[in-house]
Amino acid sequence: MPEGHTIHALAGRVEDAFAGTPVRFSSPQGRFAESAAALDGARVESAEAHGKHLAIHVEGEQVVHVHLGLFGRFGVRQHRRVDRGEPPTDLPVAGQVRMRMVNRTHVGDLRGPIVCELVTPAEWREVRAGLGADPLRDDRLPDAVRDRLARTRRAIGAVLMDQSLVAGVGNVYRAELLHRHELDPHTPARDVPAGVVTAIWDDLVRLMPLGVRTGRILVSDSDVERAEFLIAKGGTGRVRPHYAVYRRHGKPCPRCGETVVKETMAGRNLFRCPGCQH
DNA sequence: CCGGAATGAAGAT
DNA sequence: TCTTCCTTCCGGA
């Protein structure tokens, strides 16, 4: 799950749960213990996401920088020990919790992150400076990024995953977006017509917010329609996603019937339909 | 119980 | 291009 939509949703949940309140920080697993001690009891101000990176701003010019990596999770939930005094310190811990945040109403448990570090606001700005355009922050593809895409011979499949160009797109969105636009991932980026680049970007800008909202990567037209219909009726829109190619190797492409293949690109699993992606 | 795989990315070679 | 790290879950023995 951790592609950009997950992190943006998480930023919202962290902010709703903790912003404006003093928070107990701890590190049951131990590897964030020193920083947790420095943060403990401080007031959380806000949380924000850029691509797959999360920043939790804490009073005293402190920023917790988190990246979930491939299998990190950050579960935020209400706890049952709501009282008028201190946040409870005896909530049960399950598994390896790198960082725990607790206030009077909520607990957040971070497991398996690739990054969990206490940094300064300036250091967080540096992280952001190294990240490309985020479809969840920028409605329009910045010209600087468009120019770089128009110039590079690197494969469009690799470029879409390059966080310094496009921030937040991961393996699932990449596979499905390239299939939606009938594009072979191996096509050099500079050979992709400008109109197609724009169409892919606009698609991301439309689809990723639905991912934030539902917690699912919804990309097929029928899933999207169904989720939007359910949301309009007051539901969560949590439709079970149907992918065209992602992890569907050996199965027929829903558009052309050709068998979906799995290969490796830049060390990552790549799924595509040899029949209709050119 | 063990091995493998997973939506990620840095660092070494 | 490769190895390594982070943690959980699932299938096969």
Side-chain angles (χ1 to χ4, degrees), chain A residues 1-11 27-33 35-36 49-55 64-75 92-100 108-117 119 123-124 126-132 134-136 154-155 157-180 185-186 204 207-220 223 238-250 260 262-272:
Chain A
M1 297 76 161
E3 296 194 19
H5 69 298
T6 305
I7 314 306
H8 281 259
L10 185 51
S27 179
Q29 176 244 33
R31 290 183 43 188
F32 190 63
S35 300
H50 190 140
K52 300 171 188 170
H53 294 252
L54 172 71
V64 182
H65 171 213
V66 172
H67 192 299
L68 294 182
L70 189 51
F71 36 66
R73 301 225 158 151
F74 195 167
V93 176
Q96 302 276 88
V97 176
R98 177 80 60 86
M99 177 181 75
R100 164 168 277 191
D109 282 343
L110 173 65
R111 300 156 206 276
I114 197 168
V115 175
C116 175
E117 58 179 2
V119 301
E123 288 168 326
W124 166 242
E126 275 175 46
V127 170
R128 288 198 55 192
L131 294 171
D134 181 345
L136 289 167
R154 293 170 60 206
V159 159
L160 266 186
M161 298 269 284
D162 181 339
Q163 302 297 303
S164 70
L165 285 170
V166 178
V169 172
N171 210 1
V172 183
Y173 277 115
R174 171 194 51 184
E176 295 298 319
L177 264 288
L178 291 178
H179 178 268
R180 281 173 68 81
H186 301 93
L204 285 166
L207 293 172
M208 290 188 77
L210 191 63
V212 174
R213 171 118 194 197
T214 63
R216 308 287 157 89
I217 296 178
L218 301 178
V219 284
S220 84
D223 286 352
R238 292 204 173 171
V239 174
R240 177 196 302 275
H242 293 88
Y243 301 135
V245 291
Y246 179 70
R247 292 239 258 170
R248 288 196 73 254
H249 49 299
V260 173
K262 169 185 176 178
E263 53 201 82
T264 297
M265 177 184 277
R268 302 298 304 282
N269 291 330
L270 174 70
F271 304 89
R272 70 183 174 90

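Just so we're clear, the structure is a prediction, and the values are computed from it rather than from any experiment. Residue numbers start from 1 in every chain, and the chains themselves are labelled A, B, ... in the order their sequence lines are given, proteins ahead of strands.
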Report summary line: In this structure, CG of A/Leu110 is separated from CZ of A/Arg100 (nearest 0.5 Å) by 11.5 Å
Report task. Report yes if a side-chain nitrogen or oxygen of A/Lys52 is closer than 4.0 Å to either non-bridging phosphate oxygen (OP1 or OP2) of B/dA9; otherwise report no. Result -> yes
Report task. Give a yes/no on whether any side-chain N or O of A/Tyr173 is located under 4.0 angstrom from OP1 or OP2 of B/dT7. Result -> no
Query raised in the report: Reading DNA chain C 5' to 3', what string of ( ), [ ], | and . shows its pairs, if Watson-Crick and G-U wobble pairs count only when both distances fall under 3.5 Å?
Result: |||||.||||||.
Query raised in the report: Is A/Asn171 near enough to B/dA6 that one of its side-chain N or O atoms lies under 4.0 angstrom from OP1 or OP2?
Result: no
Report task. To the nearest 0.5 angstrom, please state how far the NE2 atom of A/His67 sits from the CD1 atom of A/Ile114. Result -> 7.0 Å
Requested in this report: For nucleotides C/dT8 and B/dA10, find the distance between their P atoms and express it as a whole number of Å.
Outcome: 23 Å
Report task. Indicate the ring-plane relationship of A/Phe271 and A/Tyr246, choosing parallel, tilted or perpendicular according to the 30° and 60° boundaries. Result -> perpendicular
Report task. Find the distance between CZ (A/Arg240) and CZ (A/Arg216) and round it off to the nearest 0.5 Å. Result -> 8.5 Å
Report summary line: So NE2 of A/His65 and CD of A/Glu123: to nearest 0.5 Å the spacing works out to 10.5 Å
Report task. Rounded off to whole Å, could you give me the NE2-to-C1' distance for the A/His67 and B/dA10 pair? Result -> 11 Å
Query raised in the report: For A/Lys262 and B/dA6, is the shortest distance between a side-chain N/O and OP1 or OP2 below 4.0 Å?
Result: yes
Query raised in the report: In terms of heavy-atom contacts, does CZ of A/Arg213 have more than 12 from other residues, nucleotides or ligands at under 6.0 Å?
Result: no
Query raised in the report: A/Gly72 near the nucleic acid: base, sugar-phosphate alone, or nothing, with a heavy-atom cut-off under 4.0 Å?
Result: nothing
Query raised in the report: Under the 3.5 angstrom rule, does the side chain of A/Gln163 hit a backbone N or O of A/Gly51 as a donor-acceptor pair?
Result: no
Between protein and nucleotides 5-7 of chain C, what N or O pairs are separated by less than 3.5 Å?
unit_1 : atom_1 : unit_2  : atom_2 : d
C/dC6  : OP1    : A/Arg31 : NH1    : 2.7
C/dC6  : O3'    : A/Arg98 : NH2    : 3.3
C/dT7  : OP1    : A/Gln29 : NE2    : 2.8

Requested in this report: Determine the Euclidean distance between corresponding P atoms of B/dA12 and C/dC6; express it in Å to zero decimal places.
Outcome: 16 Å
Requested in this report: Specify the separation, in whole Å, of atom CG of A/Leu207 and atom P of B/dT7.
Outcome: 20 Å
Query raised in the report: In Å and rounded to the nearest 0.5 Å, what is the CZ to OG1 distance from A/Phe74 to A/Thr6?
Result: 13.5 Å
Query raised in the report: Does the distance from a Lys or Arg side-chain N to an Asp or Glu carboxylate O, for A/Asp162 and A/Arg154, drop under 4.0 Å?
Result: yes
